Amino acid sequence: MLKPWSSAGARCAERRDGRDLLRKYVRESNIVAKGGPLDAKGEALSTGHTIRADVCVIGAGAGGAVAAAELAEGGMNVVVLEQGHRHDPDHFTARPPQMLARLYRDGGQTLTLGTPPIMLPLGSGLGGTTLVNSGTCFRTPPRVLERWQHEFGLDVDEESLRPCFERVEQALSVSEVTPKLAGANAAVARRGAERLGWSHGYLRRNARGCVGSGVCAFGCPTSAKQHTGITYIPRAERAGARIVTGASVGRVLVQGGRADGVQARMLSGASVEVKAPIVIVAAGTIHTPLLLARSGLGGRSGQLGRNLSLHPATAAFARMDEIVDMAKGVPQSFYVDEFAGEGIVFEGVAGPPAYAAMSLPLSGERHAQAMADYRHLAQFGLMVSDSSRGSVHSLAGQTVIRYDMDDADLQRFRTGLRRMRELLEAAGAREVYLPLPPGIEPEHARLRDLKLMAFHPLGTARADARASHGVIDGDLQVHDTEGVYVADGSAVPSSLGVNPQMTIMALATRLAFTLMGEEIPCPS
Amino acid sequence: MDSLTEFVRSAPAPQRAGMRALIALARRPRGRALLARAGAADQLAQMLASLGRYDDPAVARALGWDAEAVVKRGRALRRAEGRP
């Protein structure tokens, strides 16, 4: 029988249960008083150091930071363990190679194995990938929520998630980009979409006081982008949460089928244990399944580490008559969703010359000539909502991401690239540079011809009400393990077709309030 | 350390070794001739070279992008408005 995520009738009773459960855990775990903040790098911690808390959150990205702040503000004693660093915006240089090295895991060069190999950039540090994403904010599409109900037994709909989205949107100052701030690169795509009569619009983003620095993906120099490292994490700290950076979690501890805490190792080599009756794993879609597997948790269904969904993406350039200066303005500010029903969405991308040079699909003299015209170059991205599925596992301590693209996704790229050319030509492009080898037309592109990156990994510890089909249940708790929850992209059971940060944050908000047994307050 | 070196150093070991080899090859005439016969490797080598070249502040400024000015403006805004 399917266990509902949270049916309207059962919600109050479940919340009471949740509150009682949490109180019982807290009583039994011999909580110590809230302490002051730990050393930011955890260097003061010595081997054998034990921290006691109500809740230990692993990861400070979209899911972990939100859960930590809400729980801390609700009076819980929270410890956050984050593997990356606390980044100081004074050290942001707006230079892509340096910022890739400093703000991304593996310098932004995490690679999937399979056909074709795909670069999968992941953020590292307080804020996680929200630190380096484009800030695009979409609520979960209703058609996706319907699919979750029917296919995964999750009783969740637009109405039940609405308070979560409203709360997150208020916290992150989400608003639509203005045409002026979007800049000339977005104006090119808009002109093309208008001439073709394709559905389009300006994106909603989590930004406040943005001046269009053009380097969202390389560390916002004005701190306008409201990533979780400067929003939810400071809130958590003000509410007494202890944030430990540079902490690599070895495993989640479980006793008698119930969460008992977490073992971690600091950069200094010191081993630390957090004793907590609630553990929220939010290490990200790639690393959460590996951590659960190391801990011997979540493996019963055989789904752990499987069902990896991505948004494979590519981008085309166009040489325009007018000066575009693509990096002046918000790089991802405009979308074309005419073909969203087919799993194809166009979204803006842009960046400084070094970024453009790296991604321009030309070589030799043609590359040099196009770059000499950089100020006239426009760029737009193509994102596919995939039907392919991949997996994540560990081999000799190394993370292996396997992902082979299926024929349906290849077809989406062929169609998408053809339409992308149409869009840019309709905008008045002198020349369009598609990301394909010379002489290859979109309709004849093979998998190995595609030059792809991917974003938004999801699904590797997917929620399914049935223990035989999913890693976690509708309340995001690991099946058969009390007190261990997952609050990141790995919990999301299917591709969204839109940027996922809002979905992850909304689910984390919902989890926090469910754990506290409280209604989600309406935003003031 | 220049920015390209920093970028290469941050890569996982297999990519790091591959990129260093490509950069070394691209610096020698015989290496460049060898790369010209290997399409994908040549593209990667060119991508790395262009990443370094166009990140050069002088080259970028000539193309209308001044990273230093962007950073300065950001810092001033953060100070003036008490942003994090």
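Predicted model only: the values in this text are computed from it and were never measured. Sequence lines set the chain letters: A, B, ... in the order given, protein chains first and strands last, and positions in each chain run from 1.
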message = Rounded to the nearest 0.5 Å, what separates atom CG in L77(B) from atom SG in C210(A)?
response = 10.0 Å

task = Please look at R61(B) and chain A and tell me whether the side chain, the backbone, both or neither of the residue comes under 4.5 angstrom of a heavy atom of that chain.
result = neither

request  = Can you run down the side chain to side chain donor-acceptor pair (under 3.5 Å) pairs that involve residues 359-370 of chain A, sequence neighbours left out, and say none if there aren't any?
outcome  = R366(A)-E431(A)

remark   = Looking only at heavy atoms, the pair that brings S223(A) and R78(B) closest together is OG-CD, 3.1 Å

ask   = Using non-hydrogen atoms only, which part of M371(A) is less than 4.5 Å away from chain B: side chain, backbone, both, or neither?
value = both

query = By a 4.5 Å heavy-atom criterion (distance strictly below it), what part of V211(A) contacts chain B: side chain, backbone, both, or neither?
reply = both

query = Are E6(B) and P97(A) side-chain neighbours, meaning at least one heavy-atom pair lies under 4.5 Å?
reply = no

inquiry  = Is it true that, when you exclude R27(B) itself, more than 12 heavy atoms of the residues, nucleotides or ligands shown sit nearer than 6.0 Å to its CZ?
reply    = no

task = Evaluate the side-chain proximity of V215(A) to W65(B): yes if any heavy-atom separation is below 4.5 Å, no if none is.
result = yes

ask   = If contact means a heavy atom pair closer than 4.5 Å, which residues of residues 100-112 of chain A contact chain B?
value = L100(A), A101(A), R102(A), D106(A), G107(A), Q109(A), L111(A)

task = Count the heavy atoms of every other residue, nucleotide or ligand shown that sit under 6.0 Å from CD of E81(B), and state whether that count exceeds 12.
result = yes

key: For Y54(B) against A357(A), the heavy-atom pair lying closest together   = CD1-CB, 3.3 Å

request  = Check whether A372(A) gets within reach of chain B through its side chain, its backbone, both or neither, counting any heavy atom under 4.5 Å.
outcome  = backbone

query = Should Q98(A) and F7(B) count as side-chain neighbours, where that means a heavy-atom distance under 4.5 Å?
reply = no

query = More than 12 non-hydrogen atoms from neighbouring residues, nucleotides or ligands closer than 6.0 Å to CZ on R235(A), yes or no?
reply = yes

inquiry  = Would R95(A) and D2(B) count as a salt bridge (charged side-chain N to carboxylate O under 4.0 Å, His left out) here? Give the steps.
reply    = CA-CA 11 Å; R95(A) 295 176 63 181; D2(B) 69 58; over 6 Å; no

key: Proximal component of L51(B), with respect to chain A [non-hydrogen, under 4.5 Å]   = both

task = For each of I323(A), T93(A), D325(A), D88(A), tally heavy-atom pairs with chain B at distances under 4.5 Å, and name the one with the top tally.
result = T93(A)

message = Working to the nearest 0.5 angstrom, can you tell me the gap between M358(A) CE and Q46(B) CD?
response = 15.0 Å

Selection from G52(B), P57(B), A76(B), P14(B) maximising heavy-atom pairs under 4.5 Å formed with chain A = P57(B)

ask   = Are side-chain heavy atoms of P221(A) and R75(B) found at a separation under 4.5 Å?
value = no

note = Checked S10(B), G74(B), S50(B), S3(B) vs chain A; the most non-hydrogen pairs under 4.5 Å come from S10(B)

note = Ranked by heavy-atom pairs below 4.5 Å to chain A, first place among A67(B), P12(B), A49(B) goes to P12(B)

ask   = Just by modelled atom types, is the G64(B) backbone N or O under 3.5 Å from a matching donor or acceptor in the R375(A) side chain?
value = no

